[in-house]
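Structure, as C-alpha cells:
All values below come from the heavy atoms of this structure, side chains included, with hydrogens, waters and symmetry mates left out.
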Amino acid sequence: MERAAIPPISSVAVCGGTHGNELTGVYIVREMQKQKLEKVGSVSITPVLTNPKALDVGRRYTEMDLNRCFTDALLSSPITESTPYELRRAQELNAQLGPKGSAEAVDLLIDLHNTTANMGLCLIFYSIDWITLHIYKYLQNKMSSIPVRAIQVAVPTSDAYSLESVGKHGFAIEVGPQPNGVLRADIFNMVKEAVELTLAWLQEFNSGHTFEGSTVEAYTLVKSVDYPRDPASKITAAIHQDLQDNDFKLLRSGDPIFLTFSGETLKYEGEDLYPFFVNECAYYEKKIAFHLAQKKTYTFPSISVKKD
C-alpha cells in the first residue's frame, strides 16, 4: 500500500461522563480541566463532561441513552418541550464539537467509557480509519502488559449513534471490568496512560514522523444475543459460569452460554464467534446478554502528515 498523507490533527476533544455512572472518564476530564490542559504541543485539547445531569444523579442517563443520540436523524430532529434532556444535550455537543460530518468538526474525538464486562482496554470505532488504526497499533505496542483490543461497529456514518462519530476521526475507549458508580485506580491509570500515549502519537505525527504500515486484528460486530425469557419477557437464565468473564474467548457450537434458574445448561448453536460485553450491566434493558463478533485482520498503509 502506498504511503498516505493526512492533514495534521490539531484539535482533540477528550470526553467523559457520557454515561453518568461510568467514572473513569469523568475523573480524567475533571483532572484535565483542573490542570487547565488546553494544549499539548501542536494539539489543542478540549476536555468535556458530556452528561452533567446524569452525573449529578449518578445514573447512566436521565431520560434516554445519550450515546445513542448522534445519528444524523436525531441530531437534526426539532426540539420541542417534550424533547428528552439527552437529545437536547446531544445537539449541544454536536454544535460544540461538530457539526458531525463538517469541516468545522474537531479533528479527533475520544470518548471514555467503562464496562462491567471483563474486556480489558478496547477501542471502539465505526469506519476503517488510518489514524485510528495507527493509534491502536501504537497503544498495543506501548501497553504490552495489558490486553488492548479494537471493536468495529460497521454502520454508515449517518447511522453512527455514539458521540465519537461527531469528530473527523474518533473512537471510544472502553475499559473494564469496573462496577457502575465506582472508580478503580488501576483502570483510571490504564485509561490515563492510553490518553497520554494518544497525545504523544499525535505529537509525533504532526511533527513529520512517518509511521510505517502494518496489520492489526480487530473484532467486527456480527450480532447480539438476548437472555432466555418467559412469555412475560422475564429473564429465565443467567450467563453460564464458563462464559462469564471470558470476553473475546472463541465461542464454539456446543459451548455453554446460559444456566437456567432451574439448573439447565443452555448451549450455543451457530458459527464460531467471539463474545464481548458479556453480562454488561447496562445492556439488560437493551435485551442484550452479549455481542458476538468476527475477528478480522486489517492492513493499513504508512502515513505521514500532509504538508501545506
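Going from atom CG of Asp255 over to atom CG of Leu250 covers 8.0 Å, rounded to the nearest 0.5 Å. Atom OH in Tyr227 sits 8.5 Å away from atom CZ in Arg229 (nearest 0.5 Å).
Residues Thr157 and Asp72 approach most closely at O-OD1, 4.4 Å, considering heavy atoms.
Pro47 has its side chain out of reach of Glu38: every pair of non-hydrogen atoms, C-beta onward, lies at least 4.5 Å apart. Within the 4.5 Å cutoff, the side chain of Leu49 has heavy atoms near those of the Arg30 side chain. Side chains of His19 and His113 form a contact here, defined as non-hydrogen atoms less than 4.5 Å apart.
Under a cut-off of 6.0 angstrom, the local environment of CZ in Arg88 is crowded, with over 12 non-hydrogen atoms contributed by other residues, nucleotides or ligands. Counting heavy-atom neighbours within 6.0 Å of Lys39 NZ, excluding the residue itself, gives a total above 12.
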Can you give me every donor-acceptor pair (side chain of residues 266-278, partner residue at least two apart or in another chain, under 3.5 Å) with its distance?
unit_1: Tyr268; atom_1: OH; unit_2: Glu271; atom_2: O; d: 2.6
unit_1: Asp272; atom_1: OD2; unit_2: Arg252; atom_2: NH1; d: 3.2

Please report, to 0.1 Å, the donor-acceptor pairs under 3.5 Å made by any side chain of residues 193-201, with sequence neighbours excluded.
unit_1: Glu196; atom_1: OE2; unit_2: Lys192; atom_2: NZ; d: 2.8
unit_1: Thr198; atom_1: OG1; unit_2: Ala194; atom_2: O; d: 2.8

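Neither Leu183 nor Met119 shares a network with the other; the hydrophobic side chains, linked directly or stepwise wherever heavy atoms of I, L, V, M, F, W or Y lie under 4.5 Å apart, form separate groups for each. Met190 and Leu123 fall within the same hydrophobic cluster, where Ile, Leu, Val, Met, Phe, Trp and Tyr residues are linked whenever their side-chain heavy atoms come under 4.5 Å apart, directly or through other members.
For Gln152 and Tyr298, the side-chain atoms include at least one donor-acceptor pair closer than 3.5 Å. A donor and an acceptor atom, one from each side chain of Glu22 and Asn114, are nowhere located under 3.5 Å apart.
Using a 30° and 60° split on the angle between ring planes, Phe248 and Tyr219 fall in the tilted class, from 30° to 60°.
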Could you give me the CA-CA distance, side-chain angles and deciding distance for Asn279 and Tyr283, then say whether side-chain contact (heavy atoms from CB on, under 4.5 Å) is met?
CA-CA 8 Å; Asn279 207 9; Tyr283 284 0; over 6 Å; no
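Just one residue in the list Asn51, Ile110, Thr18, Leu66 forms a side-chain contact (heavy atoms from CB on, under 4.5 Å) with Leu163, and that residue is Thr18.
Checked for salt-bridge contact, Glu86 and Arg89 miss the test: no charged N lies under 4.0 Å from a carboxylate O. Of the charged side-chain nitrogens involved, at least one lies within less than 4.0 Å of a carboxylate oxygen, so that Asp65 and Lys286 count as a salt-bridged pair.
Qualifying ring-ring contact (aromatic ring centres under 6.0 Å, His included) partners for His134, counting only residues two or more places apart in sequence or in other chains: Phe300.
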